[in-house]
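Worksheet for the structure shown next.
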Amino acid sequence: MDHFLYRDGALHAEDVPIARIAEAVGTPFYVYSTATLLRHFHLFDDALAGTDHLVCYAMKAASNQAILKTLAQAGAGMDVVSGGEYLRAKAAGVPGDRIVFSGVGKTAEEIRTALTGGIRQFNVESEPEMEVINAVAQDLGVIAPITVRVNPDVDAKTHAKIATGKSENKFGIPIARAPQVYAHAASLPGLKVVGIDVHIGSQLTDLEPFRLAYSKVAELTEQLRAQGHDIHRLDLGGGLGIPYARSNEAPPLPVEYGAMIKETLGHLGCEIEIEPGRLIAGNAGLMVSKVIYVKSGEGRDFLILDGAMNDLIRPAMYDAYHDIVPVIEPAPGVEQRPYDIVGPVCETGDTFAKQRNMPPLNPGDLVAFRSAGAYGAVMASEYNTRPLIPEVLVNGDQFAVIRERPTFDEIINRDTIPEWL
Ligand SMILES: *Cc1c(COP(=O)(O)O)cnc(C)c1O
């Protein structure tokens, strides 16, 4: 459920008409619903009630500081995957002891930043990285809390570009090698082992791969404890999928996910961390765009929008499906017709949907891409010198621009011309 509904024939974000935001900020833009963000966070938090836990929002999904602050004030921690994300989380007021640092290639500089500012734990992805964290910690005279990310070799049955838990993926260490790697960690004086980390992929629509991975983590916990390691925290990653096509998908609910976690790991008495990104932000955001032209082609009609692949790259990158709905509710029974829905960028890949049935639309009409809150704004670029589009946050009947659209001057003046030209 989200808070983007038609009221009196007009699409609203909570109590604010989308058309009113469009008038204020221009198109295209992203808009997020506070109520939906909080609802999704609480679904996870409640699903783990009764267990010592922390929901660490995977902020790479949508990292605007207003979103981070909204979630942090509700009690969320953050999962960061770069030094930049770490600093952004801190800037949004998230304390270091609520930030976990994931990612396969943390640099010494990023590690230093996190150790200086405070960190809940590093999720270590390789032995060379472990050595660097140890060296930086010793140099600073501190002890770095770590988990090791294990790769359980399970098939997440998701899009190949977002599966991370198979042995051929670059992530984590093979679970069979964990005893050696933990022994290595224990020998390094700058490190303190606190637990185990696993994350098998994104947009999972079935609990079974999670169950398989978590069962392996349960076994490993007992094995490592028997070898004298103090395993008291399990970071279970993110990855629970969302329905993109409202009609026919029903991924497991957070409450079912939480029950499965308790079932597979509850007996170990560990503190549980989870790192959901997409399920918190995905259906909490829309991208709103305007029809520029309706163009008749050879046997097909094109809706040419002012939004493009640089603003929302998921269809081009993952063949992703997004529901696209008119901002003015179509009259009941109105005849739909197929359109190819495209942006103005000079790439055939700049196609959002092919032969999608839509009510008749005209230049100037607004459309909204549903489920665009996660991996939308954060993956945008300025390709074709198109400004990054603004982000807006709605809360009840209020809305605020949380990132402005840059001016062309700001974009162009970022270049510097060498002396010799
Ligand atoms: C991307 C990522 C997540 C979040 O995945 P979602 O599918 O958005 O829930 C969590 N943990 C790690 C380590 C990630 O890389």
Side-chain angles (χ1 to χ4, degrees), residues 37 40-41 43-45 47-48 54-63 67-68 71 76-82 84-86 89 98-106 110 114 119-126 129 146-152 156-166 169-173 195-207 209-210 213-214 217 233-244 249 251-254 257-258 261 272-285 314 317-318 320 371-379:
L37 288 166
H40 292 160
F41 166 73
L43 285 177
F44 280 112
D45 203 34
L48 292 174
L54 184 65
V55 178
C56 294
Y57 168 60
M59 64 177 272
K60 74 177 192 278
S63 60
I67 293 174
L68 305 186
L71 293 167
M78 298 291 150
D79 170 47
V80 308
V81 292
S82 71
E85 282 196 351
Y86 175 85
R98 288 184 160 255
I99 302 176
V100 302
F101 201 147
S102 302
V104 74
K106 305 171 197 79
E110 290 175 312
I119 191 80
R120 182 176 184 83
Q121 95 229 2
F122 292 98
N123 294 329
V124 175
E125 299 235 8
S126 68
E129 183 193 60
I146 66 148
T147 69
V148 177
R149 177 169 176 179
V150 295
N151 185 326
K157 298 201 171 61
T158 184
H159 191 286
K161 284 187 187 162
I162 48 177
T164 58
K166 283 289 283 173
N169 300 133
K170 71 182 175 185
F171 299 97
I173 57 129
I196 304 173
D197 172 52
V198 68
H199 170 73
I200 58 173
S202 197
Q203 186 54 17
L204 273 69
T205 52
D206 184 356
L207 283 187
F210 285 119
Y214 297 170
V217 167
R233 185 181 290 169
L234 301 176
D235 183 332
L236 305 176
L240 197 57
I242 62 170
Y244 278 98
E249 288 177 59
L253 303 172
Y257 175 69
I261 288 174
I272 299 294
E273 287 168 357
I274 54 172
E275 302 170 344
R278 187 187 308 269
L279 203 148
I280 289 180
N283 284 329
R314 298 190 67 261
M317 184 135 117
Y318 310 115
S371 313
Y375 307 105
V378 286
M379 288 182 131

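As a basis for the values below, the full set of heavy atoms in this structure was taken, side chains included, without hydrogen atoms, waters or symmetry mates. Ligands are counted one by one from 1 in listed order, and the atoms in each one are counted from 1 as well.
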Query raised in the report: For E125 and N123, does a side-chain donor sit closer than 3.5 Å to a side-chain acceptor?
Result: no
Query raised in the report: Looking at atom 11 (N) of ligand 1, what's its closest protein heavy atom, distance included?
Result: E275 OE1, 2.5 Å
Report task. List for me each residue that meets ring-ring contact (aromatic ring centres under 6.0 Å, His included) alongside F101, sequence neighbours excluded, and say none if there are none. Result -> F122
Query raised in the report: Is ligand 1 less than 4.0 angstrom away from at least one heavy atom of F171?
Result: no
Query raised in the report: Does A374 come within less than 4.0 Å of ligand 1, judged by its heavy atoms?
Result: no
Query raised in the report: Going by the atom numbers of ligand 1, which of them fall below 4.0 Å from some non-hydrogen atom of P276?
Result: 9 (O)
Query - contact_flag A61 ligand 1 heavy-atom lt 4.0 Å - result: no
Query raised in the report: What atoms in ligand 1 come closer than 4.0 Å to a heavy atom of A58?
Result: 3 (C), 4 (C), 10 (C)
Report summary line: Ranked by distance from atom 15 (O) of ligand 1, the top protein heavy atom is K60 NZ, 2.8 Å
Requested in this report: Could you tell me whether ligand 1 has any atom less than 4.0 Å away from a heavy atom of D79?
Outcome: yes
**Report entry** side-chain contact (heavy atoms from CB on, under 4.5 Å) partners for R120, two or more places apart
**Finding:** L54, V100, R233, E271, E273
Query raised in the report: How far is atom 7 (O) of ligand 1 from its nearest protein heavy atom, and which residue and atom is that?
Result: S202 OG, 2.3 Å
Query raised in the report: In Å and rounded to the nearest 0.5 Å, what is the CG to CZ distance from D197 to F171?
Result: 11.5 Å
